[in-house]
Amino acid sequence: MKRKVLLLSVLLAACIGQTVGQNTVSVNSEGKRMAYNPMIFGQFIEHFDTQVYGGIFDPGNPLSDEDGFRTDVIEAMKAIKVPIVRWPGGCFVSTYHWLDGVGKDRKPVFDKTWAVEDPNTFGTDEYIKWCRKVGCEPYICTNAGTGTPEEMSDWVEYCNLTVGKWGRLRAENGHPEPYNVKYWSVGNENWGRHELGARTVQEWGPMVRESAKLMRAVTKDAKLFAAATSSPSWSLPLLKEAGWTLDYISVHGYWDYLFHVNNPAPFLKCMMKTDAPEADIKKTIDILDQAGFGGGKIKIAYDEWNLRNWHHPWHGDLRRGFDLEARRKNDIASTYTMADALFSACFLNACLRHCDIVDIACFSPIVNTRGAIFVDKDGITRRTTYYVFYMYTNYLEKYNVPLTTNFAKLSDGKNETGVLDAVLTSDESGKRYVYALINKDPEKAVSLTIDFASMGKKAPKNLSGWVLSGKSPDDYNDRGDEHVKPEARTFKVKDGAVSIPAHSVTFLTIE
């Protein structure tokens, strides 16, 4: 019996990671190229653990400026051209009252969501000032849990008006010019039992509708979002009641579930999850079509996403309470490997392929916890996911070009996925192209045959490009050792084929 089990294990191991068949890619002549919104490279920050306090905001630290903002974090965010940041949550916002975080007389409050005290020293005015320094658009998520529609619209007044009680309050607080915040969300995950102030399906649509009406009464051209899901049982009733008031539905996704047990999935298992975001996007597009808001009438904001969700044991188990010390496990550097990088690149490729509907996305979060940047008192570490954003925001062209692909399958013995993932972008003239390619095979380079003629090009002898990879699929960056970063490379082209390195994100430039 032992010999049979051993033989089966050997055969399974031999199958895992194997790919069979030719990989080809060409421009789809029937498709239409489209400019994508750079907002899909957005980020998210929440009042959770050390994301805000000790993360982006650390008064008194030698690395912080006169306003208490970490300058190393700001510079790192500028380098990836962060276009938008969603704040203040997340689950935190469902018990957050914005008035507690403005003015001179600020009092600490107990954060019922995360069971810690929030000092309220980082509030709306600090957030806006920080966004201006980063160079990104502010995106405020409002309290639709313990808050009211009027409280939400008062917040819009505070940010955007020069008249009235709240506009005058902002001026009295030292900010006479309106902030002109364009992006506002009604609620966060109010569909979930874990959320304080959760709503029923029957309650949610009317709540969103009346909140949106009041917010638009303040700022007519505000871009309004509402907490939704890729399930028709929640989102269809929402759209029926409130769709006419909205510009976006807000959808969230985490695929390696680590809420209670911090046992990160290994590389190959993570690769089997890389098709899930696009499947979720397609479901949500179908819901919009069914509700009569397809074709871009309402767009999708994937405004919280990451491969691995945050570790915070017993969230939602109110009788048991939190293990606060367990949150330190989110800081373990070795968690954030090439698996995280490749999954993130596949997610962004899915957004690019559906850029007519997916208009905004916010990686969750930008700093600490599962963030692209880890911050300690002495400096920062740019995790593998950070360099994915660096490549996508610095090296891609502005238009997505539809493709026809045929990729071999990669298997873990139970599930399978295409061994490659690909998008093609072009400049406005259509003369310069950049491929974003992900090889999910943990060990082997993969040969890809590119149809250069479909781009109006002759096959060159060589291509220039960039590669993000590691010594192994489990490689990661640590404090003072950021060796997993993009490297310039030259690729030989033989019979129209290029070799794509194992466990890599590879960009190829074709001119």
Side-chain angles (χ1 to χ4, degrees), residues 43-56 86-95 111-118 188-189 192-196 198 252-274 276-277 302-344 347 362-377 380-386 388 473-479:
Q43 304 291 336
F44 167 64
I45 198 79
E46 178 169 352
H47 290 240
F48 172 81
D49 202 32
T50 59
Q51 290 180 34
V52 173
Y53 302 107
I56 65 172
R86 178 174 175 255
W87 169 87
C91 298
F92 169 83
V93 79
S94 287
T95 59
D111 171 12
K112 295 183 178 70
T113 298
W114 299 123
V116 296
E117 186 177 76
D118 190 294
N188 171 82
E189 296 182 3
R193 190 182 76 170
H194 63 282
E195 196 78 5
L196 299 181
H252 295 173
Y254 301 89
W255 289 270
D256 188 18
Y257 302 118
L258 305 171
F259 300 99
H260 303 308
V261 180
N262 193 57
N263 184 27
F267 179 88
L268 204 53
K269 188 173 181 180
C270 290
M271 294 305 96
M272 297 303 118
K273 302 174 185 290
T274 52
Y302 231 118
D303 55 16
E304 266 193 53
W305 72 270
N306 202 326
L307 166 60
R308 311 184 198 275
N309 71 328
W310 310 354
H311 182 58
H312 40 63
W314 319 122
H315 187 207
D317 188 343
L318 300 177
R319 293 180 183 273
R320 183 163 184 168
F322 282 118
D323 177 357
L324 297 180
E325 188 57 32
R327 296 174 187 176
R328 298 281 64 75
K329 294 179 181 179
N330 291 303
D331 300 339
I332 299 171
S334 60
T335 302
Y336 309 99
T337 68
M338 290 308 302
D340 300 74
L342 270 59
F343 181 93
S344 298
F347 179 95
C362 300
F363 184 75
S364 171
I366 178 58
V367 162
N368 291 348
T369 317
R370 304 291 188 197
I373 303 169
F374 177 71
V375 181
D376 61 41
K377 64 182 180 64
I380 65 173
T381 303
R382 299 164 186 83
R383 290 171 172 161
T384 60
T385 46
Y386 175 88
V388 170
D474 297 324
D475 208 354
Y476 62 93
N477 288 338
D478 207 345
R479 190 75 172 83

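Just so it is clear, the model here is predicted, and its values are computed rather than measured. Sequential numbering from 1 along the given sequence is applied to the chain's residues.
The aromatic ring centres of Y302 and F347 sit less than 6.0 Å apart. Aromatic rings of W305 and Y254 (six-membered ring for Trp) have centroids beyond the 6.0 Å cut-off, not under it.
Counting only heavy atoms from C-beta outward, the side chains of L342 and T274 never approach each other to under 4.5 Å. Using a 4.5 Å heavy-atom threshold, the side chains of N188 and H252 count as touching. Side-chain contact between R327 and V116 is present, with heavy atoms from C-beta onward closer than 4.5 Å.
Interatomic distance, CZ of R193 versus CG of D317, reported as 8.0 Å (0.5 Å rounding). Atoms CG and OG1, from D331 and T381 in turn, are 10.5 Å apart once rounded to the nearest 0.5 Å. In this structure, CG in N306 is found 7.0 Å from OG1 in T385, a value given to the nearest 0.5 Å.
Around the NZ atom of K273, the shell of radius 6.0 Å holds more than 12 heavy atoms that belong to other residues, nucleotides or ligands.
Of all non-hydrogen atoms in N477 and T384, the two that sit nearest each other are ND2-N, 4.1 Å. Summarising the geometry of E195 relative to S94, their closest heavy-atom pair is OE2-OG, 2.6 Å, with the distance given to 0.1 Å. Across F363 and S344, no two heavy atoms sit closer than the pair CE1-OG, 4.0 Å. E46 and W310 make their closest contact through OE1-CH2, 3.2 Å (heavy atoms, listed as atom of the first residue, atom of the second, distance). Here the closest heavy-atom approach between residue E304 and residue S364 is recorded as OE1-OG, 3.9 Å. Contact between Y476 and T337 at its shortest, heavy atoms only, is CB-CA, 4.3 Å.
Considering only residues two or more places apart in sequence or on other chains, F322 meets the ring-ring contact (aromatic ring centres under 6.0 Å, His included) condition with W114, H315.
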### Task
Determine, step by step, whether D111 and F92 satisfy the side chain to side chain contact (heavy atoms under 4.5 Å, CB included) criterion, reporting the C-alpha distance in whole Å, the side-chain angles of both residues, the deciding distance to 0.1 Å, and the verdict.
CA-CA 7 Å; D111 171 12; F92 169 83; 3.4 Å; yes
### Message
Using side chain to side chain contact (heavy atoms under 4.5 Å, CB included), reason through D49 and R328 one step at a time and then give a plain yes or no.
### Response
CA-CA 9 Å; D49 202 32; R328 298 281 64 75; 2.5 Å; yes
### Intermediate values then yes/no, side chain to side chain contact (heavy atoms under 4.5 Å, CB included), F343 and R308
CA-CA 10 Å; F343 181 93; R308 311 184 198 275; over 6 Å; no
### Message
Quick one, V375 with T50, criterion side chain to side chain contact (heavy atoms under 4.5 Å, CB included). Give me CA distance, side-chain angles, the key distance, then yes/no.
### Response
CA-CA 9 Å; V375 181; T50 59; over 6 Å; no
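Relative orientation of the H47 and W87 rings is tilted, given thresholds of 30° and 60° on the angle between their planes. Between F259 and H312, the ring planes lie tilted relative to each other; the angle falls in the 30° to 60° range.
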Could you tabulate the donor-acceptor pairs under 3.5 Å formed by side-chain atoms of residues 260-271, not counting sequence neighbours?
unit_1, atom_1, unit_2, atom_2, d
H260, ND1, W314, N, 2.9
N262, OD1, R370, NH2, 2.8

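R479 has a carboxylate O that lies under 4.0 Å from a charged side-chain N of D376, or vice versa, which qualifies the two as a salt bridge. A salt bridge links D303 with R86: at least one charged nitrogen is closer than 4.0 Å to a carboxylate oxygen.
No donor-acceptor pair under 3.5 Å is formed between the side chain of R383 and the backbone N or O of F374. Put simply, the side chain of T113 gets close to the backbone of C91: a donor and an acceptor are under 3.5 Å apart. A side-chain donor-acceptor contact under 3.5 Å links H311 to the backbone of L258.
Tested against Q51, the residues N330, N368, T369 include a single side chain to side chain donor-acceptor pair (under 3.5 Å) partner, T369.
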